[in-house]
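Both ligands and their constituent atoms are indexed starting at 1 by order of listing.
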Amino acid sequence: MDKKRRPGMGNLLIAYLLIAFMLFGVYVLLYKPVDVDKTYTDYQLKQDIKANKVVSVEVSQNKEIPTGTINVKLQDKSIEYYTPDVNETMKILEGKDIKYSLNDVSRAKLVERMMPYIFVSVLFAIYMMGLTTQINSASGVGGSAGLSDFGKSRARKDKKTGITFDDVAGLEEEKEELSEIVDFLKDPAKYTEIGARIPKGIILEGPPGTGKTLLAKAISGEADVPFFSISGSDFVEMFVGVGAARVRDLFADAKENSPCIVFIDEIDAVARRRGTGLGGGHDEREQTLNQLLVEMDGFGENEGIIVLAATNRVDILDPAILRPGRFDRRVMVGRPDVKGREAILKVHTKKKPLGDDVDLHEIARTTAGFSGADLENLVNEAAIKTAKEERKYITKKDLDDAFIKLGIGTEKKSRVVSEKEKKIAAYHESGHAILFHLLDEMEEVYTISIIPNGSGAGGYTMPLPDQDEMFWSKTRMLQNIQVSMGGRIAESLIFDDITTGASQDIKQASSVARSMITKYGFSENLGFLSYEAGEGEEVFIGREIGHQKPYSEAVAAQIDEEVKKIIDFCYSEAERILKENIDILHKSAELLLEKEKVTGAEFLELFDENK
Ligand code: ADP
Ligand code: MG
Ligand code: ZN
């Protein structure tokens, strides 16, 4: 691709203005009522001429009929009036010592005369619009002067954000991870000299309000470099070409000011997987995305520009954006755990006088699932109430009231989790984690969390990335099923009732068990045969009813029976292991209830103590 698309914003704007101007002109000519003076007549004109008041007269006549419009220029003003008969008016004017003219031009005629000009103007406008999308970069940064600032102005540049890592609470690991970026921005040469490669683009991924923007600003504040920001939703523009032009200008600015940070908020608005948009502004987005990719590829690794982008959904991003040399580093910014929430509360109450009865740790405990923004909001709400009631200190009651007020909002309500729910989640996740650890073919535990994710899931247990094994053994598959079952089994061992929280686990376990039989031939009874629906597809309900199954009803029943056998075996194995380790199950759940998020190492300590 040798010709980069470089929309000339100035041209585009001029074209739009021109068209608007012309349309306005035509409107005026055709429809705007002429301001005629109904009191003025030929007689009055005669008088004014006698009195030497008239400077000039212009008579516009419509040829077909005798009427006309007379424009009289007096010394102090202009008057327009209708005459019933142009010939009569002409008689008054003839031989007098004043300038006059007769035009046989009605409004329609005027427009007719203007046609060639309009035509040429329209052609010109179209030509300019064409230029806009085809102009190439051969002329350098041309086209960004004057009116083209239109495309430029949206990127905000805050020379100094004034925000530091101290303002970002609770995201210790994330800050640690990003501190090398800060160091690089402070002194890019240090890294260049030794040949170290610093990523150009980093994606900050996490739910809204968790501090992604704050973190980006803090990086620029810590490194003391300029911060350029733009939001993906700004790109969703009316005019094609504007988004791309903005991206280009943003990077032009950044290059002039490097080292610096370019922050693209809501990147999913532009960088959504191609071909998934539902019409409307699609081309625009694609153009903008292409321009972004061109820009990212266009500057070198260590030029001192770090592009940070925020999104809450990496999975919907166009894979092109995640390629090496683009956004190839990801930092997860999750909802805070108890400790994090307490730290955030501390930051936001620093300048607010708190009453003695306020216990931030207690508030942190009762706000599981709250994001940093939610907490900030909570404290602010309490402060407003305190101020309104003209009190000097924020009390526990103010915070409780604020909590209720915010918690009542339908969406937030789901985030406030009861102690009971937390307890169930703690046992559930512990069940998974213990099996992860004790089953020898499974990976070690990396983190366990019972921080609600706001969309129903009560927590997660994340293993270390698996060792890239190409094949899974039969044992490993069986153990995988047992791990999936661990959550539900742990619940059933502790509580009288079980919950719906395991539906995903059940799905996972069944699908692995089924594939063992139908895909991998692990069943001795069914043997070395594939019973898949065809081309690797799962059999789906509609087809199952039809005659698409490549095997008989008898075989289907046999498959079900084999799957059931696997499931039963795994269930009793997993249950046995958890029962034998019930002490650890309790300890692990307690630890989770206390911390909400537990690292693999902390979890493993539970086993040491036991021995
Ligand atoms: P995001 O960009 O992830 O949606 P923001 O960075 O815009 O979230 O956060 C919004 C506000 O919430 C911040 O301005 C700050 O007041 C508060 N906030 C969020 N996370 C934190 C945090 N970790 N520490 C302190 N304040 C936070
Ligand atoms: Mg933000
Ligand atoms: Zn589970």
* Asked: Of the choices Gly170, Ala169, Gly211, which has the non-hydrogen atom that lies closest to atom 22 (C) of ligand 1?
  -> Ala169

* Give the ring-plane orientation class for Phe370 versus Phe403, where under 30° counts as parallel, over 60° as perpendicular and anything between as tilted. => parallel

* Look at Lys339 together with Glu342 and state whether they make a salt bridge at an N to O cut-off of under 4.0 Å. => no

* Between Asp166 and Lys175, is there a salt bridge with N-O shorter than 4.0 Å? -> no

* Asked: Parallel, tilted or perpendicular: which fits the ring planes of His437 and Phe603, with parallel below 30° and perpendicular above 60°?
  -> perpendicular

* Give the intermediate values and the outcome of ring pair (Phe, Tyr, Trp, His ring centres under 6.0 Å) for residues Phe251 and Phe228. => CA-CA 9 Å; Phe251 279 87; Phe228 297 91; 9.5 Å; no

* Examine the proximity of ligand 1 to Lys212 and report which part, side chain or backbone, both or neither, has a heavy atom under 4.0 Å away. => both

* Are more than 12 heavy atoms from other residues, nucleotides or ligands located less than 6.0 Å from atom CD of Glu389? -> yes

* Are the side chain of Glu602 and the backbone of Thr599 linked by a donor-acceptor contact shorter than 3.5 Å? -> yes

* Structure fact -> Checking heavy atoms under 4.0 Å, the part of Asp167 that sits near ligand 1 is backbone

* Looking at Pro208, which atoms of ligand 1 are within less than 4.0 Å of one of its heavy atoms? -> 4 (O)

* Asked: Any donor and acceptor pair, going by atom type alone, linking the side chain of Asp253 with main-chain N or O of Leu250 inside 3.5 Å?
  -> no

* Ion pair present between Asp328 and Arg323, side-chain N to carboxylate O less than 4.0 angstrom? -> no

* Structure fact -> The closest protein heavy-atom partner of atom 18 (N) of ligand 1 is Gly372 C, 3.6 Å

* Asked: What protein heavy atom sits nearest atom 14 (O) of ligand 1, and how far away is it?
  -> Leu214 CD1, 4.2 Å

* Asked: Nearest protein heavy-atom contact for atom 12 (O) of ligand 1: which residue, which atom, what distance?
  -> Ala373 CA, 3.2 Å

* To do: Would you check the N or O atoms of Ile344, main chain and side chain alike, for any that come under 3.5 Å of an N or O of ligand 1?
  => no

* Among Ala310, Gly206, Ser371, Gly209, whose heavy atom sits nearest atom 19 (C) of ligand 1? -> Gly209

* Verify whether the ring centers belonging to His432 and Tyr460 lie closer than 6.0 Å. => no

* To which protein heavy atom is atom 2 (O) of ligand 1 closest, and what is the distance rounded to 0.1 Å? -> Thr213 OG1, 2.6 Å

* **Interatomic distance, Arg576 atom CZ to Tyr571 atom OH [nearest 0.5 angstrom]** => 14.5 Å

* Structure fact -> Taking 2.8 Å as the strict upper bound, the Zn ion (ligand 3) has protein N, O or S neighbours numbering 3

* Asked: At a 4.0 Å cut-off, with the gap strictly under it, does some heavy atom of His348 reach an atom of ligand 1?
  -> yes

* Can you find an N/O atom of Thr210 closer than 3.5 Å to an N/O atom of ligand 1? -> yes

* To do: For the pair Asp374 (side chain) and Ser371 (backbone), establish whether a donor and an acceptor sit closer than 3.5 Å, ignoring hydrogens and angles.
  => yes

